[in-house]
Amino acid sequence: MGIQQFRLPDVGEGLVEAEIVSWKVKPGDTVKLNDTVVEIETAKSLVELPVPFAGTVTELLVPEGETVPVGTPIIAVQTESAAGDEGQLADDMVPAIPDEPEAGKIGGESPGGRTAVLVGYGPRTTEAKRRPRKGAEPAASAGSAPAPAGGAQPGTAVGAAGVAQPGPVGAPVPAAPSSSPVAEGNVGSVHVLAKPPVRKLAKDLGIDLAAVTPTGDGGIITRADVESHAAGAQVAEPTVAVAPVEAAPVVSGQGDTRVPIKGVQKVMAQAMVASAFTAPHVTEWITVDVTETMALVERLKGDKAFRDLRVSPLLIVAKAVTLAARRTPIVNAAWDEQAQEIVYKASMNLGIAAATPRGLIVPNIKRADSLTLPDLCAALNDLVATAREGKTQPADQAGGSFTITNVGVFGVDAGTPIINPGEAAILAFGAVRKQPWVVDDEIVPRWITTLALSFDHRMIDGEKGSIFLADVAGILEDPARALMF
């Protein structure tokens with residue numbers, strides 16, 4: 001028998017911390033493998049975590065409402081397994097911990113096959129076991145020792161900025177933190193250290209890592225460094241342990257109330273600042289007569305293919321976007337600053353901005369351009385229902401290539417939406433109202449809406465943006481035009 005501690009895993013790419021929302025068990029309860037034990041709020045959504053071993057809960061190590069970093073022990077379970085002694089952690093139950101460097105490792109190699117727990121699957125039975133490390137040996141001569149990872153030659157050490165610095169032959173090389181893989185590479189002629197999620201973030205934001213000042217241990221560029229650089233405020237502060245912020249509002253002054261910025265609200269704010277100061281935004285508007293679209297929606301509601309589905313004008317807008325993108329594929333592209341390339345996406349992952357009680361999220365429908373209208377309707381229904389419940393998973397929010405924000409549900413006619421990082425454009429769909437409209441020189445009541453398209457002017461010029469917006473409007477005005485695409 002032994003005590004196993006389950007550490008908070010990274011349930012989404014690049015997760016740094018999460019809030020313990022509610023415990024599903026209490027001390028003394030018996031749990032089976034993969035039983036749900038806790039609900040957490042990440043920077044993107046609510047996630048239920050299964051426990052990766054069976055036994056009896058001995059202690060809940062983190063109270064509800066507290067925010068803790070990835071890698072923090074959150075629950076202790078007494079197990080029947082002989083894998084560990086009292087208080088000893090099974091090696092394959094320990095996810096990557098950002099603050100624990102592994103001595104003797106360069107370039108962030110993962111230590112001895114140790115990986116994060118796969119949430120929902122429990123421990124891997126084929127996990128590689130860590131072999132006992134040999135005793136430290138003095139550095140060999142330059143002629144016999146292999147070059148350290150990352151290209152540094154013997155007799156050099158990795159400096160604080162990740163650049164090889166001269167040093168005495170035989171001197172020990174400082175270790176880079178290796179709680180999770182740290183990729184080393186040359187950007188231009190500058191050597192940089194950054195973990196894969198941080199590199200992906202920089203790529204999505206169009207940031208050259210060589211221009212970012214690192215603040216992490218061993219000269220590693222952190223997520224905060226990239227976000228600060230993207231916001232135009234290069235903040236270089238030492239990494240220190242910070243006490244978790246209480247979730248409850250803090251009353252200050254005469255009637256003032258302070259609420260901690262965290263979770264979905266925090267990541268949304270960071271993404272919007274990064275996008276606004278990275279991509280040059282241009283917004284165009286068009287006012288459209290959507291009377292025929294409203295008539296089509298009513299017909300679809302009675303069609304047996306849409307039985308048990310909620311059909312709304314947003315469905316036709318979504319379909320129009322996927323069709324119009326065929327003629328203007330640049331709207332479904334991304335800007336790769338580091339490679340100096342425009343990446344045309346093979347398919348459209350259509351994001352739908354959703355306002356939830358915990359903040360704005362943008363889940364996306366994978367390969368929306370390949371779906372039939374009934375399938376697209378079903379996917380929209382599932383997306384909205386899941387978002388309202390706060391159960392949208394991080395994977396459903398990753399990889400979006402174009403976004404629609406339906407501001408019309410709030411009675412708003414239009415706006416200037418901010419592009420999601422890593423995308424080229426976003427379409428705002430305004431309120432649909434009956435208004436006087438000129439048809440054949442006569443003023444008649446028609447269903448009218450306004451569309452607003454914001455696009456990244458580095459990729460999309462005024463002509464392409466106008467053509468795409470006009471195509472979407474044309475389909476909504478006369479849905480039969482969809483046959484032309």
Side-chain angles (χ1 to χ4, degrees), residues 13-16 43 98-99 101 106-108 148-153 156-167 173-240 266-282 333-343 398-399 418-424 455-460:
E13 186 175 297
L15 178 67
V16 176
D99 296 326
I106 290 292
Q153 298 300 318
T156 65
V158 179
V163 182
Q165 303 291 339
V173 180
S178 61
S179 54
S180 61
V182 179
E184 291 186 283
N186 289 297
V187 181
S189 60
V190 181
H191 193 67
V192 296
L193 293 173
K195 296 179 182 179
V198 176
R199 288 183 175 273
K200 182 178 184 304
L201 174 64
K203 181 178 179 180
D204 290 343
L205 298 180
I207 293 174
D208 183 356
L209 284 174
V212 179
T213 301
T215 63
D217 294 339
I220 291 180
I221 296 174
T222 67
R223 172 176 288 266
D225 297 335
V226 175
E227 291 168 346
S228 296
H229 184 85
Q234 192 77 345
V235 181
E237 298 179 354
T239 302
V240 295
K266 182 176 182 179
V267 75
M268 179 195 72
Q270 292 170 341
M272 293 301 96
V273 169
S275 176
F277 286 93
T278 302
H281 284 54
V282 173
W335 181 276
D336 188 336
E337 178 69 23
Q338 191 167 358
Q340 286 295 289
E341 295 174 341
I342 294 175
V343 183
I418 297 178
I419 306 165
N420 280 324
E423 300 180 13
F455 51 89
D456 185 342
H457 215 356
R458 295 175 300 178
M459 293 182 280
I460 305 174

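Only heavy atoms go into these numbers, but all of them, side chains included; no hydrogens, no water, no symmetry mates. Quantities reported herein were computed from a predicted structural model and do not represent experimental measurements.
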If you take all heavy atoms of [X] and [Y], which pair is closest and at what distance?
{"X": "Ala424", "Y": "Ile460", "result": "O-CD1, 3.8 Å"}
{"X": "Ala334", "Y": "Gly422", "result": "CB-O, 3.4 Å"}
{"X": "Asp225", "Y": "Thr213", "result": "CG-O, 3.5 Å"}
{"X": "His281", "Y": "Ile419", "result": "NE2-N, 3.0 Å"}

_Pairing residues for Glu337 by the side chain to side chain donor-acceptor pair (under 3.5 Å) criterion, not counting sequence neighbours_ = Trp335, Gln340

*Non-hydrogen side-chain atoms of Pro280 and Asp456 separated by less than 4.5 Å*: yes

*Are the side chain of Asp336 and the backbone N or O of Ala339 linked by a donor-acceptor pair below 3.5 Å?*
yes

